[in-house]
Every structure is written in structure tokens, then in C-alpha cells.
Amino acid sequence: MKRENVWPVVDLNNTSHRNALLIFVWGTAIFVLLTAIGSYEAFRITESVEFCGELCHSVMHPEYTAYQHSPHARVACVECHVGEGADWYIRSKLSGLYQVYSVTFDLYPKPIPTPIHNLRPARETCEKCHWPQKFYEYKLRTEYHYLADEENTKWTIQLTMRIGAEHSAHGLKEGIHWHINPDIEVQYVAMDTARQIIPWVRFRDLKSGEEKIFVDEEISLDPEELAKYEVRTMDCMDCHNRPSHQYNPPALFINKAIAGGEIPVSLPEIKAQAVEVCDMAKDLPTMEMALNFIDSTITAYYQENYPEIYESNPDLVKQAANGIKKYFSRNIFPDMKVNWAAYPNNIGHLEFDGCFRCHNDRHATESGEVISKKCETCHFINAQGTAENFEVARFGESLEFRHPVDIGDEWKELLCTECHTGLAP
């Protein structure tokens, strides 16, 4: 005779059954609660700055260090690299699986290549805080440069940066941030992965329908060759490509250290020696070796060339070496082969072409209109020079740039990067 399936009988009048059920219910509730808390904590940890910079991505030490000294130091990594929403969270974690594999088996490149081509569009991240409709006024900027002479001569330049229009009523109709005016569209083609070589630019006025195409006269591409490249619509990241991970060149960070008093300006030739020793130290295998090299080289130089200074005030030389090491360790990472040359910064045009990728007087339309490299397009020079030869512009006017070292009018014809490689004053 076939036996029927019999379900277990739960009798709550039975003490053992009742106790077992209570244990099961409470156990399940506690397990679900702990699972929820654990899942949230796991999510919170994987979204934290410490996880990105230290725990999981130890290879990202250069990026983490630069981030800590950036304007976005209080903005979590995921705010820019992931943004809002579950879809990009899942996408970022899936793409991170290969990164974990690469780190585990030491397959990652040195330095880590940029730009990140699968990064979320800037309009969905950057513009959560920096929206195009916000008016950006002119900004006064003062820079101190120290020349590579014995006296470390201080050269000051004060600029009015034309970030937006002069008056708020004009909105984004002019100024540097005109490029992100919602009423226009700027598109370009880059021939290299770093987006430094730009042979073709298209401007569109979305209201009037006006269109202009600018072609670099020195790079001839026929339509078939041009079609091979991606047409990219310009956004924040095309200029602000190092917003949180900037590696300054020695000429720049040594200027900053001297201006801040961390490297004594009274020490003869310290600007030239500091830049030179940083350039040599960057190619050493490890950070420890680089810092020891800086210490010993600076000490030996002043012992040999300025023995009277070293004997009378050795602490001055020690202060200089410590200041160089401090700023070197923030900007150059020999272990990962990270330095300024590996990561072009598109803001400005001194050490990297930046603005001059397009604004170089070479990109022209068929009618002859060019994308100008005229200084006044982006800034006015209010004052410039040394203490002994300082000139100031009249109100509302701009000075013509005067090169700190007399090179005649060559600076008008050349791009800055043809001489300034991150090591020149």
C-alpha cells in the first residue's frame, strides 16, 4: 500500500515545539538583521576613500597622495568615479574585477594610463556641484616664480583670469567657461589616447545653427582618415583633466615651497639645484632611494661649493633638503614611474600644451578664421617683473607679457612647451 506524504506537525501546545519555533523565528530575525548591517557596512567600506586609496588599491598610492592635497580632498572618490545610482555602482564594481586581478598578479602598467575612457560623463558627476549656468567671475591670480640664478631672483606675475564674462548679465557668452555654454557645442578629434594632438575642431551654435570647422594646418587628414577617430564633445574633463590627481613639475612645486618658506630663498642657487636633483631622483627605483639621494646630493653640493654657509648654518641646508623631499614625495613616485611628464595637465599652457592644443593660431576654417592664441583671450596681465623692475598696468588695461629671461620676441612665435618641460623656471 502506497504511503502518503505526511508534513511535520507543529503543535504550539507542545513545549518543545513552541521553543523550537521561537528559536527559529528569533534566529532568523537576528540573522537577517546582521546580514543587512553587514551588507551595508561592506557597501560603505567599498565606497570609502580609504578602500580606494589604501585597502584594496594599494597600487593607487600616487593618486591617493595627490588627492589628499587637492581641492577635492573632502569629496569621496566615488562621487566622481561612480556617481549616483545602482547601475553605475554595479558597472564600476564589475570593471573593478579586472583591476583586482591585475593587482593580485602584478599585471598593472606603471604608470597607470589615463584618461579613463569608461569614466562616467562629467555632466553626470562634476555638474552636480559645478553647473554651467552658475556665473563665474573674473579671478585675480598671483604667481611667484624663482629664477635659476645664484640669488633665486623672484619674478612676480599677477593675472586677471577671464573665467567668465566681466558682468553677470552676460552669462557664459565670453570667457574661459564659454566652452561649456549650454547654447553651444564644441567637438573635436584627438589622434592620441591622451588627447593631446587635436587636428580637427567643430563649433556649433545650437540656437542659430551656425557651424564652423577648424583644421590644424600642420596636420592634413583626408575624410577617410578623419572618420577613423572618435568625435568627442568637449566637457569639463577636457581642460580639468587632473582635478584631484595632479602631479606638479619640479619648477612649479619648488616655486611653491620657496614661496611658502619651506625652502630658504636665502640659500644661493637653491632653485636651480632643487629642480635638478628632483629631475635626477625621479628615475631611481624607489621612493626611499630618491629621498636619500636628494638629502645627500643637496648636502654635498653646499659642502663643496658654499662651505662657509654649510659650516656656519648647516640647519639652512637641512631645511632646504627637507623641503625638497616633502614636495617631491607629493608629486613624484619612482616606484610607480609617476611624475609630471606621465600625466599632462590641460589647465594652462606652460609645461603642457593644454589650451594651446587648439588655441595655437594653426586651427583655421576654410575662410581663414583661426582659433587664436592671443593672451587676452583668457587673461589680462596686471603686473609683472622683479622687485627692481616691476611694471603695473593701468586700470582696465593689460600689459604685454615680458619673459623673465630676455629671449627677444621668440616667445611670440614658439609654444611655451618648446622650452618649458617642467624643469625651466
Please determine if Lys282 and Asp279 form a salt bridge, counting it only when a charged side-chain N lies under 4.0 Å from a carboxylate O. yes
May I ask you to test the Ile371-Phe203 pair for a side-chain heavy-atom distance under 4.5 Å? no
Other residues, nucleotides, ligands: >12 heavy atoms within 6.0 Å of Glu413 CD: no
Are side-chain heavy atoms of Ser372 and Asp361 found at a separation under 4.5 Å? yes
What about the rings of Tyr310 and Tyr302, do their centers lie closer together than 6.0 Å? no
Salt bridge (Lys or Arg N to Asp or Glu O under 4.0 Å) pairs touching residues 153-176, sequence neighbours excluded, are Arg162-Glu174
For atom CD of Glu137, decide whether the heavy atoms of other residues, nucleotides or ligands shown that lie under 6.0 angstrom number more than 12. no
Strictly below 4.0 Å, N to O, side chains only: are Arg232 and Asp238 in salt-bridge contact? yes
Please verify the inter-ring angle class for His403 with His420; under 30° counts as parallel, over 60° as perpendicular, anything in between as tilted. tilted
Do the rings of Tyr327 and Phe253 sit parallel, tilted or perpendicular, given the 30° and 60° boundaries? parallel
Should the pair Glu210-Arg204 be classified as a salt bridge under the 4.0 Å nitrogen-to-oxygen rule? no
Okay, side chain of Asp149, backbone of Thr153: is any donor-acceptor separation there less than 3.5 Å? yes
Answer yes or no: does atom OH of Tyr144 have more than 12 heavy-atom neighbours from other residues, nucleotides or ligands under 6.0 Å? no
Specify whether His245 and Tyr67 have parallel, tilted or perpendicular ring planes, treating 30° as the upper limit for parallel and 60° as the lower limit for perpendicular. tilted
Heavy-atom neighbours of Glu84 CD exceed 12 at 6.0 Å: no
4.5 Å side-chain heavy-atom contact, His240 and Ile347: yes
Mark yes when over 12 heavy atoms from residues, nucleotides or ligands other than Arg141 sit less than 6.0 Å from its CZ; otherwise mark no. no
salt_bridge(Lys412, Glu400) N-O dist < 4.0 Å: yes
Pair Phe214-Trp200, ring-ring contact (aromatic ring centres under 6.0 Å, His included): steps then yes or no: CA-CA 6 Å; Phe214 299 84; Trp200 183 92; over 10 Å; no
Short N-O contact, Arg362 and Glu217, less than 4.0 angstrom: no
Just by modelled atom types, is the Gln246 backbone N or O under 3.5 Å from a matching donor or acceptor in the Asn345 side chain? no
What pair of heavy atoms forms the shortest contact from Leu159 to Ile381, and how long is it? CD2-CG1, 3.6 Å
For the backbone of Tyr146 and the side chain of Asn255, can you confirm whether one donor and one acceptor N or O come within less than 3.5 Å of each other? yes
Please verify the inter-ring angle class for His130 with His72; under 30° counts as parallel, over 60° as perpendicular, anything in between as tilted. perpendicular
